[in-house]
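Reminder, nothing fancy here: chain letters follow the sequence lines and each chain counts from 1. What's counted below: heavy atoms across the whole structure, side chains too, no hydrogens, waters or symmetry copies.
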Protein chains: 4
Amino acid sequence: MPKQKVTAEEILRKSMKVFNAKGYHNTSMAQIADECGLLKGSIYHYFKSKEQLMQAVIEYLHQKYKEKVFSIAYQPDLTSREKLEEYIVFSENLFIGSNDGCLMGNIALETVNTNANFAKSLRAFFQEWINAMAHIFEVDYGKQRALEISKECVAEIEGALMLKRVFQEDDYLHKAHQRILQRGIKTKQT
Amino acid sequence: MPKQKVTAEEILRKSMKVFNAKGYHNTSMAQIADECGLLKGSIYHYFKSKEQLMQAVIEYLHQKYKEKVFSIAYQPDLTSREKLEEYIVFSENLFIGSNDGCLMGNIALETVNTNANFAKSLRAFFQEWINAMAHIFEVDYGKQRALEISKECVAEIEGALMLKRVFQEDDYLHKAHQRILQRGIKTKQT
Amino acid sequence: MPKQKVTAEEILRKSMKVFNAKGYHNTSMAQIADECGLLKGSIYHYFKSKEQLMQAVIEYLHQKYKEKVFSIAYQPDLTSREKLEEYIVFSENLFIGSNDGCLMGNIALETVNTNANFAKSLRAFFQEWINAMAHIFEVDYGKQRALEISKECVAEIEGALMLKRVFQEDDYLHKAHQRILQRGIKTKQT
Amino acid sequence: MPKQKVTAEEILRKSMKVFNAKGYHNTSMAQIADECGLLKGSIYHYFKSKEQLMQAVIEYLHQKYKEKVFSIAYQPDLTSREKLEEYIVFSENLFIGSNDGCLMGNIALETVNTNANFAKSLRAFFQEWINAMAHIFEVDYGKQRALEISKECVAEIEGALMLKRVFQEDDYLHKAHQRILQRGIKTKQT
DNA sequence: AATGAATGAGAATTCATTCAT
DNA sequence: AATGAATGAATTCTCATTCAT
């Protein structure tokens, strides 16, 4: 009889927030349930374990990034510069103002050594991210060099998000994005 | 029995390893004790709680970095280039080949939002790191710009260490160091 | 499994017994759970800590005393003598034959110095007890003197219960009650 | 080589204080050691277990009461009245101003149900106390009645000490003593 | 005689998970 | 679908006790 109070996707979104803020091991099912307005037993209707929930969160987020972020890199009618700018606008909206940073990076650092399933999914995510950025730089730098630059970019962003979390200062991310933009510009000028 | 089996410093070093590999919340006192060849109760002789142990680890490591790493930046008879090179040699020896990455970064990302004590100590650590690098760049870039570069460097290193952990590829760190070195070289040539 | 085995009130009653028999610090949650036919973790569904459970026991018992015992003193259509007699009958049924004595007194002596929350609740209990008895004696002795007598009565009862526990002899309590009754009778005759 | 820092008697006296203030189960060997200026291992030089230490405390205190308090009752050249007065002076000096109350009563209530050894010693103590008081009243009341009165007195004192602890009011004990004195006086007048 | 280290049993508490309603 | 009760294993921490120095 009980009315459906949430959808699986709502649970994913709420738990994403909690995992991001407190980390995987430091988050309890009760906290997630709480965030969803449910009791902890009820989560198990949608996800059969905490691990599977985390896994689903990772995949859900990966999918969203694919659709909304990585896809930018493959839009045929944008210049490199425009792609980077669009990416950056999108990304800053996502991160600036929140203390939570990048779930993928946070969870990666916390669990990649101890959970093979997460590790695999997280690797796939980062790989696609790198590939997407590399695709942007490829036109100007060539395949090889573009890949290197793109790895730098991702590292810089994640590093910036870490320091942003540590110092609670949004500037780190903004600056990192500016440097990434530079790489697009410089080329043009050469 | 009552023969001393470990010193406090040994416990710090062993637990540093475990915390680094598995994270703070995913590490149990039993695992640390195990690593030290003690029973779990015995750790409490040296540190009165898990939190206090972690705190001590952070401070111990901070101290070591001060002595061995940050100090390089303040050696009066080295050029910027030499300082950077020395720093890099040291740092690669520390990180390359291990899967553990940077305890400070790992723990920061995991706990900085939920533990104010850790947050404070970790912030102090990162600040000194940034200051030390800034000191190297100051001669060539001026105070303001040196600080910015140094923040970039730390972010790049931490980002690289994250990707290194994700992909188990040492190259990320090495490349980041090369870019840092570039910043030193460029100047000279100007 | 997930069929309700106990109610919160049952836990209160069972734990009351255990606390009374063995004292607060000497009682473990496992023993209470055992008494309730539960596992120790399950108690935490109902009470969030041992301290909170004890607190609830104190308050529960206080409430019961209010309803069943102290209320006797305020019944408008009984004489002092009748009130005392009713109180005594009630009280002897409660205590005689059991080795446990007065939980409130036992816990008070054990914890009042070290737990401020218990102290407060226990003080409230004893105060109301004293007030109730004073109310009985007031008609015959006046406010001031009634209060003094009532303090004597409570002290005598608690002292008697202590010796009853030490010597396992029910007589102490009975005699104390007789003396209390005397105080009611004497008046009449004067 | 280590110098002797304490005597067994000093340990007894210090631990008596701690046991009295915090109860038996709530007192740790470390706290006792601390009070004595020793480390906890050192207590075991003098007493082979916590239980044995408590036992020794009980016996030590029993002995002191015998010598200093109960003996008053058997002094051949004092009147009942004088004995009672001397007893009361002594007793008030002992208890008034301290929050700790009567160790024997406190420990009795806490442990008599669960520790047979303590129970035995505590029973012996209370018996001798009762006998001593009975001896005072015997002259005026006869053996039988004196014993009853004396039980009342002990109960009243213990009850008063309990309320004194609960309400932190010295008056309870003082009043109890006055009533005891009354019993001595009344006789004379008859 | 005192210390300081280590033990190991047991305490309170947390938490992912199950399941009958 | 949701609940709420119960589980049981794991976790942190405490503490009486032992023992080599």
Nearest-angstrom distance from the residue atom [atom1] of [X] to [atom2] of [N]:
X	N	atom1	atom2	value
B:I43	E:dG4	CD1	P	19 Å
A:L53	E:dT17	CG	C1'	14 Å
B:Q4	E:dT7	CD	P	12 Å
C:I32	E:dA12	CD1	P	8 Å
D:Q52	F:dT17	CD	C1'	14 Å
C:N26	E:dA11	CG	C1'	12 Å

For [X], report the nucleic acid contact type (base, sugar-phosphate, nothing); a contact means any heavy atom under 4.0 Å.
X	answer
B:F47	nothing
D:L38	sugar-phosphate
D:S42	base
D:T27	sugar-phosphate

For this session: Apply the test side-chain contact (heavy atoms from CB on, under 4.5 Å) to residues D:R13 and D:Y60: give CA-CA distance (whole Å), side-chain angles for both, the deciding distance (0.1 Å), then the verdict.
Result: CA-CA 9 Å; D:R13 276 225 269 266; D:Y60 175 78; 2.6 Å; yes
Exercise. Hey, which of these two, D:H45 or B:S49, hits DNA chain F nearer its 5' end, going by closest nucleotide?
Worked result: B:S49
Problem set entry | Most 5' of C:L39 and D:Q31 on DNA chain F, judged by nearest nucleotide | C:L39
So, is [X] near the phosphate of [N], with a side-chain N or O under 4.0 Å from OP1 or OP2?
X	N	value
B:K50	F:dT12	yes
A:K5	F:dA2	no
A:Y46	F:dA2	yes

Any side-chain to backbone donor/acceptor pair from [X] onto [Y]? Under 3.5 Å, distance only.
X	Y	value
C:E110	C:H25	yes
A:R165	B:V112	no
D:T111	D:T114	no

Exercise. Aromatic rings A:Y24 and A:F19: how do their planes relate, parallel, tilted or perpendicular, breaks at 30° and 60°?
Worked result: tilted
For this session: Would you mind telling me which residue lines up with the more 5' stretch of DNA chain E, C:Y44 or B:G41, judged by nearest nucleotide?
Result: B:G41
For this session: Searching all strands shown, indicate the nucleotide that pairs with F:dA1 (Watson-Crick or G-U wobble; both distances under 3.5 Å).
Result: none
Problem set entry | Paired nucleotide for F:dA9 [Watson-Crick or G-U wobble; both distances under 3.5 Å] | E:dT14
Problem set entry | Any donor-acceptor N/O pair under 3.5 Å between F:dT12 base and B:K40 side chain | yes
